[in-house]
Engineer: 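Mind looking over this structure? Questions follow.
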Number of protein chains: 2
Amino acid sequence: MKKVLIADDEQDILDILKFNLEAEGYMVETANNGVVAIEKAKSFLPDLIILDVMMPGKTGIEVCGVLRMLPAFKSTLIIFLTAMSDDTAEVKGLEIGADDYLKKPIRPKVLMSKVNSLFRRVSKEIDHNINLGELIINRENFSVRYKNEDISLARKEFELLSLLASKPSKVFLRNEILNQIWGTEVIVGDRTIDVHIRKIRQKLNLDCIKTVKGVGYKFEL
Amino acid sequence: MKKVLIADDEQDILDILKFNLEAEGYMVETANNGVVAIEKAKSFLPDLIILDVMMPGKTGIEVCGVLRMLPAFKSTLIIFLTAMSDDTAEVKGLEIGADDYLKKPIRPKVLMSKVNSLFRRVSKEIDHNINLGELIINRENFSVRYKNEDISLARKEFELLSLLASKPSKVFLRNEILNQIWGTEVIVGDRTIDVHIRKIRQKLNLDCIKTVKGVGYKFEL
DNA sequence: AATTGCATTAACAATTTGATAATACCTTTA
DNA sequence: TAAAGGTATTATCAAATTGTTAATGCAATT
């Protein structure tokens, strides 16, 4: 289920968009100004952000600029909402890394078709990626980025981290892990997992993989 | 999505062109003088460059001349914008390697039809080419240019490099590579890929093809 | 027929990765 | 607090993977 964050200072717009997006099965969060939008984006990690250009405090363009600096939002979709009048905004918006823009007044149908088509466009890429803010795993590139640093993992390490990160907070039993990564054919000892976990912790600098004694491991935060 | 760079010293023109091009789905960058145009061209690697002839500092003709010297812009489309008055410019422009010219004042419809038809005209060629700045692969000529030097590759080497370079950063599994280049019928030994990779690395002087152990190869940078 | 160039394979070296065991450590519980 | 059960750490060895070079066979060209 895709997550969408909407930022606008007009409650009406938030309501309309939220209603329509939820009707199509999206998970929606809202923010009524730029600062809140940035905060919520960081915690909610949406797949799409819809930003009003004109907001008190930080404009949508500024918000976009801030977010695009962060690696976690490098590939997040961003759509601008702009009033008919300020058409230079469109220009600046796309330059700064927006994926599309919408003119007010908004036609829900137009919005939904844009949103859907954007998601269709990138659906494959998104499926391949795991984006947890601090941690970005790209299955296509076999690359891992943690706290803004590229980390190179060996194959098993990569698979193990991918597995754990694919469902944050879920505890994976040792058996589950063995089945998923080693398969049912191969039989390896219990310490093997520990050793790989350790290597990951080492490379990622001790964090976020928690041990649940007597049960297994989970990825958190 | 095609990329277009516009260079003009009049902000109005930039805005109008940008608006119209983006409305048709092009990705647009702008520059308000010749020097910036050259810089942006190098980083943005547009498919089309629209150059105003009369610009302070470097004229569009000069910009075109500079860019055409660079192998990365050998096949980039270039359109000149010229004021009605100086019609000698057209001549010089086309001589120096422009693909078309437009007289000011600009009619957006005329522009768009020119742009679209230019892209249609060369769409096939462009698809056949890979342009990564330092590396230029021309599938039609079977030619490879890397760091400003022509490199002659054998058939399999060429195909392998083309494949990897077609999606930079993506890791191609050994199986994928075998399927793409050798097909499913033929069966070749395991070292075959390695040997070809080695030859490419040798000819390209050790760079940009990275090994991902246990997985495959990828092209990067 | 000889030459040349390419694709493939074979053989071996070098490297990286994975698994295990031994040991140290921690936590819980009796 | 000592014992037990589980986990972390480390070193070590085995295995898998890749790199390199040379040799072979084939096909096109001269």
Side-chain angles (χ1 to χ4, degrees), chain A residues 139 142-144 150-164 171-220, chain B residues 137 139 141-144 150-164 171-220:
Chain A
R139 287 201 163 101
F142 272 83
S143 69
V144 175
D150 285 312
I151 291 167
S152 115
L153 296 182
R155 195 162 184 263
K156 281 274 188 295
E157 292 159 18
F158 184 84
E159 287 173 1
L160 185 47
L161 179 61
S162 294
L163 179 65
L164 294 179
V171 179
F172 288 82
L173 312 180
R174 294 178 99 88
N175 272 332
E176 261 181 290
I177 296 176
L178 288 175
N179 276 220
Q180 289 283 328
I181 295 187
W182 279 267
T184 49
E185 318 279 298
V186 199
I187 294 175
V188 294
D190 253 13
R191 296 303 104 234
T192 303
I193 295 182
D194 303 31
V195 172
H196 287 297
I197 291 280
R198 184 182 163 274
K199 283 185 187 163
I200 297 173
R201 283 176 170 155
Q202 204 169 259
K203 291 188 180 176
L204 262 61
N205 217 7
L206 258 328
D207 250 332
C208 58
I209 293 181
K210 323 267 186 193
T211 305
V212 182
K213 276 199 147 190
V215 186
Y217 295 91
K218 68 174 165 177
F219 185 94
E220 213 159 39
Chain B
I137 297 176
R139 287 199 163 107
N141 307 344
F142 265 68
S143 71
V144 174
D150 283 312
I151 292 166
S152 117
L153 294 181
R155 179 136 181 255
K156 284 274 188 275
E157 293 158 18
F158 183 84
E159 286 174 1
L160 185 47
L161 180 61
S162 294
L163 179 65
L164 295 180
V171 177
F172 288 83
L173 313 180
R174 291 179 97 88
N175 273 332
E176 261 181 290
I177 296 175
L178 287 176
N179 276 217
Q180 289 282 329
I181 296 186
W182 280 268
T184 49
E185 317 280 297
V186 200
I187 294 174
V188 293
D190 255 8
R191 296 301 100 240
T192 304
I193 294 182
D194 305 45
V195 173
H196 288 298
I197 291 281
R198 182 173 170 281
K199 283 184 185 159
I200 297 173
R201 283 177 170 155
Q202 207 168 255
K203 291 188 181 176
L204 262 62
N205 216 8
L206 258 327
D207 249 333
C208 60
I209 293 182
K210 323 262 188 198
T211 304
V212 182
K213 265 211 152 184
V215 188
Y217 294 92
K218 68 174 163 178
F219 184 94
E220 213 159 39

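Residue numbers start from 1 in every chain, and the chains themselves are labelled A, B, ... in the order their sequence lines are given, proteins ahead of strands. Because the structure is predicted, anything quoted here is derived from the model rather than measured.
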Engineer: I need the CZ-C1' distance between A:R201 and D:dT9, as an integer number of Å.
Structural biologist: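 It works out to 11 Å between those atoms.
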
Engineer: Could you pull out all residues at least two apart from B:V188 that satisfy side-chain contact (heavy atoms from CB on, under 4.5 Å)?
Structural biologist: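 Once residues adjacent in sequence are excluded, the partners of B:V188 under the side-chain contact (heavy atoms from CB on, under 4.5 Å) criterion are B:L178, B:W182, B:V186, B:T192.
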
Engineer: List the residues meeting side-chain contact (heavy atoms from CB on, under 4.5 Å) with B:E220, not counting sequence neighbours, and say none if there are none.
Structural biologist: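 If we apply the side-chain contact (heavy atoms from CB on, under 4.5 Å) test to B:E220, skipping adjacent residues, the hits are B:S169, B:K210, B:K218.
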
Engineer: Collect all protein-nucleotide pairs involving nucleotides 15-21 of chain C in which both atoms are nitrogen or oxygen and the distance is under 3.5 Å.
Structural biologist:
residue, atom, partner, partner atom, Å
C:dT15, O2, B:K213, NZ, 3.0
C:dT16, O4', B:K213, NZ, 2.9
C:dG18, OP1, A:K156, N, 3.0
C:dA19, OP1, A:W182, NE1, 2.6
C:dA19, OP2, A:W182, NE1, 3.2
C:dA19, OP2, A:H196, NE2, 3.1
C:dT20, OP2, A:G189, N, 2.5
C:dT20, OP2, A:T192, OG1, 3.1

Engineer: Can you tell me the distance, in whole Å, between the CZ atom of B:R198 and the P atom of C:dC6?
Structural biologist: 15 Å

Engineer: Report the distance from atom CG of B:D194 to atom C1' of D:dA22, rounded to the nearest whole Å.
Structural biologist: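 Going from B:D194 (CG) to D:dA22 (C1'), I get 16 Å.
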
Engineer: Measuring to OP1 and OP2 of D:dG6, would you say a side-chain N or O of A:T211 lies under 4.0 angstrom away?
Structural biologist: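 Checking D:dG6 against A:T211, no side-chain N or O comes under 4.0 Å of OP1 or OP2.
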
Engineer: Could you list the residues that satisfy ring-ring contact (aromatic ring centres under 6.0 Å, His included) with A:F142, not counting sequence neighbours?
Structural biologist: A:F158

Engineer: Mind calculating the distance between CD1 (B:I181) and C1' (C:dC6) to the nearest angstrom?
Structural biologist: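 Interatomic distance, CD1 of B:I181 to C1' of C:dC6: 15 Å.
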
Engineer: Between atom NZ in B:K210 and atom P in D:dT17, what is the gap in whole Å?
Structural biologist: 23 Å

Engineer: Would you kindly give the CZ-to-C1' distance between A:R174 and D:dG5, to the nearest whole Å?
Structural biologist: 12 Å

Engineer: Would you say the side chain of B:F219 lies within less than 4.5 Å of the side chain of B:L161, judging by non-hydrogen atoms?
Structural biologist: yes

Engineer: Nearest heavy atom decides the nucleotide; on that basis, is A:Y217 or B:G216 closer to the 5' end of DNA chain D?
Structural biologist: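 Per heavy-atom nearest nucleotide, the more 5' residue is A:Y217.
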
Engineer: In chain order, what residues pass the side-chain contact (heavy atoms from CB on, under 4.5 Å) check against A:R174, with sequence neighbours excluded?
Structural biologist: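 A:R174: side-chain contact (heavy atoms from CB on, under 4.5 Å) contacts with A:D190, A:R191, A:I193, A:D194, A:Y217.
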
Engineer: The criterion is side-chain contact (heavy atoms from CB on, under 4.5 Å); which residues satisfy it with A:E157, sequence neighbours excluded?
Structural biologist: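 Here the qualifying residues are A:L153, A:A154, A:H196, A:K199, A:I200, A:K203.
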
Engineer: In whole angstrom, what separates B:I197's CD1 from C:dT8's P?
Structural biologist: 13 Å

